[in-house]
2 protein chains.
Amino acid sequence: MAPTDHGTGPIEAVHDPRYLHYLESAWTEWQALGFEHPLIPDTFPLSRLLDGRLDAVAADGTARAMSGHFTFDTATPLVAGTYVAARASANCALSAADAVLAGGRFAFAACRPPGHHAGRDFYGGYCFLNNSAIAATALRSAAGGRVAVLDLDFHHGNGTQQIFWDDPEVLTVSIHGHPDRQYPYFTGRAEEIGAAGAEGSNLNVPLPAGVDDHAYLAAVAGASDRVARFDPAHLVVPLGVDTFVDDPLGDFAVTTDGYARIGRRVASLKLPTVVLLEGGYAVGAIGRNVASFLRGLEQG
Amino acid sequence: MAPTDHGTGPIEAVHDPRYLHYLESAWTEWQALGFEHPLIPDTFPLSRLLDGRLDAVAADGTARAMSGHFTFDTATPLVAGTYVAARASANCALSAADAVLAGGRFAFAACRPPGHHAGRDFYGGYCFLNNSAIAATALRSAAGGRVAVLDLDFHHGNGTQQIFWDDPEVLTVSIHGHPDRQYPYFTGRAEEIGAAGAEGSNLNVPLPAGVDDHAYLAAVAGASDRVARFDPAHLVVPLGVDTFVDDPLGDFAVTTDGYARIGRRVASLKLPTVVLLEGGYAVGAIGRNVASFLRGLEQG
């Protein structure tokens with residue numbers, strides 16, 4: 001089914017207004033400065049530059065000056081169609097949430113661009129709007145109750161963690177390559193459990209290279225137990241298939257059959273579930289790996 | 001005169017030991033990871049990623065994972081000779097300080113790489129060790145008294161500001177292109193006056209595009225008045241000639257004759273003065289512009 005337009009309301013419920021204004025206007029401003037190449041920042045506001053108080057400084061420079069304020073990497077070009085594409089992707093996520101709210105056992109949204117690296121007021125890792133956080137917030141808003149986000153992408157869901165860091169009503173779980181070795185670095189350690197007042201509402205499962213179906217399923221089983229104890233009304237699964245054995249970026253070894261078993265394990269939670277597409281760089285294999293996961297989910 | 005080796009002591013008096021270890025070892029570790037191209041980070045620890053507490057997180061990943069922790073831009077490649085060159089440059093600064101401590105009215109060090117964008121534990125803007133901060137600290141250590149740093153590079157001396165931010169005994173002054181428009185962005189505003197307990201020990205003079213000799217000299221006069229009131233025992237001048245009218249990066253319009261007048265104005269402070277070379281991108285004109293400044297200083 002085609003997604004429906006949900007407007008800006010559900011997005012503004014997650015992201016900072018100044019950030020959304022930047023996303024919407026940066027390309028036009030960038031062009032007005034005379035640039036024609038994709039906007040990729042080259043200078044970043046390291047917090048030690050002003051004793052950790054830098055983010056409190058007025059961010060009122062040009063797109064050239066401020067671009068590093070709104071992202072954490074140089075891998076995510078901002079171009080003419082970025083904002084429109086990100087909005088469309090968020091609409092996919094919201095439409096999948098609608099389908100589950102309407103009584104569907106699960107729904108899948110083929111979101112592009114992905115979302116889990118986008119924080120409340122920053123982008124990165126090809127992500128601009130956090131589709132999972134937007135869907136989770138919409139589910140809570142419409143139906144009440146707690147929501148759990150179980151991030152099965154190869155990379156740490158750093159944006160989702162940041163958005164819900166101090167929210168005890170949203171459990172964020174991420175299984176990923178250890179940040180000492182893998183993007184997005186810096187965050188994703190087991191010690192990060194949530195802000196004061198929300199301790200235990202964030203669970204990171206950083207893993208070594210080489211994780212196969214068996215090891216990955218063990219991690220999913222542990223994470224699922226935590227989700228079950230949290231007793232959410234809904235589950236959101238940002239699904240990356242960059243855990244695949246042939247993925248050129250990831251260093252895990254999950255197989256196509258493995259995805260079906262993972263899907264069955266997730267289904268055993270018996271929760272209304274929204275699945276959203278995240279990463280996957282063995283492009284020719286994305287379709288069959290996602291389909292395998294969804295078949296498992298359906299059979300579970 | 002050739003610089004003399006001052007060892008690591010005067011450098012460790014300014015920079016964080018873990019940062020120095022990183023500078024010394026990063027290239028070797030980078031090569032061991034199989035990389036042959038210059039080390040340029042692509043992922044940065046935006047403080048909002050972990051509620052501003054990210055810098056407190058253990059920085060114990062690989063050079064690949066941690067590189068963004070130690071710099072704020074992608075313009076500063078770290079290569080095989082970086083650490084050795086930066087040490088040699090710091091030795092130039094320290095040797096110039098020696099010459100002034102031995103009774104010279106002023107001394108000039110042709111430092112390369114430059115230094116004023118390097119902070120206590122980060123590099124950037126082609127700077128790895130903060131030569132001015134190292135010289136200023138050595139002057140204080142050897143002779144006591146206050147020191148003033150008058151930064152005449154086109155760009156904000158963000159590293160020097162950071163290093164002395166909470167030190168009321170070192171006055172840091174920087175005259176530069178406004179950070180809303182010019183690198184290094186984010187810092188360099190007039191509101192940045194020093195930490196609690198050191199208010200007034202930092203003075204930023206951000207200027208619009210097009211500043212000519214007259215306007216620049218007015219800024220230097222104001223800055224010099226502040227230096228005089230601070231009553232320092234020594235003056236350190238990080239001198240960039242990227243304020244030059246033909247500089248391809250800067251947007252000021254100082255002339256070769258203008259540098260002589262600026263030098264005379266600085267000399268009127270009647271302070272033992274260490275001048276250190278910072279930026280300048282009209283490469284063919286660096287020599288005559290620096291010589292013009294030094295002749296003015298000598299005549300003043």
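Within every chain, numbering begins at 1; the chains are lettered A, B, ... in the order of the sequence lines, protein sequences first and strands thereafter.
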Taking the inter-plane angle between the rings of B/F44 and A/F44 on a 0 to 90° scale, is it parallel (under 30°), tilted (30 to 60°) or perpendicular (over 60°)?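 Rings of B/F44 and A/F44: parallel, as their planes differ by under 30°.
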What distance separates [X] [atom1] from [Y] [atom2], expressed to the nearest 0.5 Å?
X: B/M66; Y: A/D180; atom1: CE; atom2: CG; answer: 8.5 Å
X: B/Y185; Y: A/L49; atom1: OH; atom2: CG; answer: 14.0 Å
X: A/T71; Y: B/L46; atom1: OG1; atom2: CG; answer: 7.5 Å
X: B/F122; Y: A/S47; atom1: CZ; atom2: OG; answer: 9.5 Å

Sort A/Q161 into side chain, backbone, both or neither according to what part of it lies under 4.5 angstrom from a heavy atom of chain B.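 The answer is the side chain of A/Q161.
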Quick check: are there more than 12 heavy atoms from other residues, nucleotides or ligands sitting under 6.0 Å from NE2 of B/H37?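 Yes.
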Could you walk me through whether B/D73 and A/T43 satisfy the side chain to side chain contact (heavy atoms under 4.5 Å, CB included) test, starting with their C-alpha distance in whole Å, then the side-chain angles of each, then the deciding distance to 0.1 Å, before giving a yes or no? CA-CA 4 Å; B/D73 71 27; A/T43 313; 4.2 Å; yes
For B/D121, is there any backbone N or O sitting under 3.5 Å from a side-chain donor or acceptor partner on A/R48?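 It does hold such a pair.
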